[in-house]
Amino acid sequence: YKQYEKENKKFINAIVEPDIFYISGIIGTSNIVIGNNSYSFGKKIGFHIDSPYAFKVFKKTIVMGLKSSIISLPPLNSINWDNFRSLNMSSTYSIKFGERIYTLLGIGITQNSNNNSTTISPLGSLDLAYELPWKPLNIPFDITFCSSASWDLENVSIGFNIMLCKPYKINLGE
């Protein structure tokens with residue numbers, strides 16, 4: 001746990017450790033607010049990985065990563081079950097602002113489908129996140145609350161997520 005705490009503080013201070021990957025599980029809810037709005041809030045699950053690779057822009061360290069999620073929305077007041085599903089995959093760029101607040105910008109693709117059709121579109125996403133300063137039951141995970149927005153050529157989605165983050169060291173070069 002002490003090693004984890006040391007590595008996490010380094011990440012918070014925007015110092016990127018070699019071979020440290022931060023792996024997060026995502027669970028939450030989402031809905032389409034612009035576009036095909038015949039669905040109600042549904043579930044969202046996924047993962048996010050922050051890599052040890054980064055670059056600097058305007059004295060800010062931007063950490064590169066990968067995010068994938070699946071969204072499933074039930075129909076709104078319908079007896080015909082036309083379930084909307086969205087599979088999202090994007091490269092991400094994390095930027096810390098202060099000790100606990102960060103943004104997560106994503107650029108990628110999405111596959112949206114229902115019982116009638118399937119489309120593949122470019123995807124852009126933005127997460128605003130707050131990392132909690134405490135660890136319930138002293139479990140060595142970071143718990144982060146996120147408000148997320150994503151848009152493709154057809155829909156704009158908004159959601160609220162919880163991310164559980166754990167660092168893992170992988171020796172890539174040795």
Side-chain angles (χ1 to χ4, degrees), residues 3-35 43-71 85-112 119-133 135 140-173:
Q3 179 66 23
Y4 163 76
E5 189 173 50
K6 177 182 169 187
E7 291 164 357
N8 191 42
K9 289 206 181 302
K10 286 183 180 181
F11 181 75
I12 287 171
N13 293 326
I15 298 172
V16 180
E17 277 289 309
D19 304 336
I20 300 287
F21 289 82
Y22 289 83
I23 301 173
S24 302
I26 301 168
I27 187 167
T29 184
S30 187
N31 197 10
I32 299 170
V33 293
I34 297 174
K43 60 187 170 196
K44 177 179 182 177
I45 58 171
F47 69 89
H48 174 250
I49 300 172
D50 266 332
S51 75
Y53 306 108
F55 56 93
K56 286 198 179 273
V57 174
F58 300 115
K59 298 183 181 179
K60 285 287 188 188
T61 301
I62 300 174
V63 180
M64 298 185 326
L66 174 71
K67 182 171 80 169
S68 181
S69 63
I70 298 170
I71 299 170
R85 294 165 302 282
S86 181
L87 174 61
N88 304 313
M89 180 69 75
S90 60
S91 61
T92 60
Y93 306 92
S94 302
I95 306 170
K96 285 272 190 183
F97 296 97
E99 189 174 332
R100 305 237 172 250
I101 298 171
Y102 66 94
T103 63
L104 186 64
L105 176 68
I107 300 169
I109 61 170
T110 184
Q111 176 182 339
N112 296 327
T119 61
I120 296 177
S121 303
L123 172 75
S125 67
L126 176 66
D127 292 284
L128 301 175
Y130 178 76
E131 187 178 283
L132 293 175
K135 301 196 183 330
F141 284 91
D142 285 340
I143 299 174
T144 304
F145 288 108
C146 297
S147 173
S148 63
S150 62
W151 55 95
D152 55 45
L153 296 178
E154 299 174 355
N155 304 303
V156 175
S157 301
I158 291 186
F160 301 97
N161 314 307
I162 296 174
M163 294 173 57
L164 297 174
C165 177
K166 177 85 171 113
Y168 288 95
K169 184 168 180 84
I170 300 173
N171 293 325
L172 296 175

Self-check item: side-chain contact (heavy atoms from CB on, under 4.5 Å) involving F47 - partner list, sequence neighbours excluded
Solution: I49, L66, S68

Quiz item: Can you tell me how far the OG atom of S157 sits from the CD1 atom of I34, to the nearest 0.5 Å?
Solution: 10.0 Å

Self-check item: More than 12 heavy atoms from other groups under 6.0 Å of CG on L153
Solution: yes

Quiz item: Are L123 and I109 close enough that some pair of their side-chain heavy atoms sits under 4.5 Å apart?
Solution: no

Quiz item: Are any of the side-chain heavy atoms of S94 and M64 separated by less than 4.5 Å?
Solution: no

Practice problem: Quick one: list whatever passes side-chain contact (heavy atoms from CB on, under 4.5 Å) with I120, sequence neighbours left out. | Solution: Q111

Quiz item: Quick one: side-chain contact (heavy atoms from CB on, under 4.5 Å) partners of T144, sequence neighbours excluded?
Solution: Y102, A129, E131, C146, M163

Exercise. Applying salt bridge (Lys or Arg N to Asp or Glu O under 4.0 Å), name anything that partners K67, two or more places apart in sequence or on another chain.
Key: D127

Self-check item: L104 CG to T92 OG1 distance, which is reported to the nearest 0.5 Å
Solution: 5.0 Å

Quiz item: Side chain of S147, backbone of F160: donor and acceptor closer than 3.5 Å?
Solution: no

Quiz prompt | Side-chain touch L105/S125, heavy atoms, less than 4.5 angstrom | solution = no

Quiz item: Crowded around K60 NZ? As in, over 12 foreign heavy atoms under 6.0 Å?
Solution: yes

Self-check item: Gap separating the CD1 atom of I95 from the CZ atom of F58, nearest 0.5 angstrom
Solution: 11.0 Å

Quiz prompt | Listed partners of S86 passing side-chain contact (heavy atoms from CB on, under 4.5 Å), at least two apart | solution = I71, F84, N88, T110, N112

Self-check item: Pairwise side-chain hydrogen bond (donor to acceptor under 3.5 Å, both in side chains) hits with a residue in residues 23-33, at least two apart
Solution: none

Practice problem: Could you tell me which non-hydrogen atom of N161 sits nearest to which non-hydrogen atom of S148, and how far apart they are? | Solution: ND2-OG, 3.1 Å

Quiz item: Do I70 and K44 come close enough that some side-chain heavy atom pair is under 4.5 Å?
Solution: no

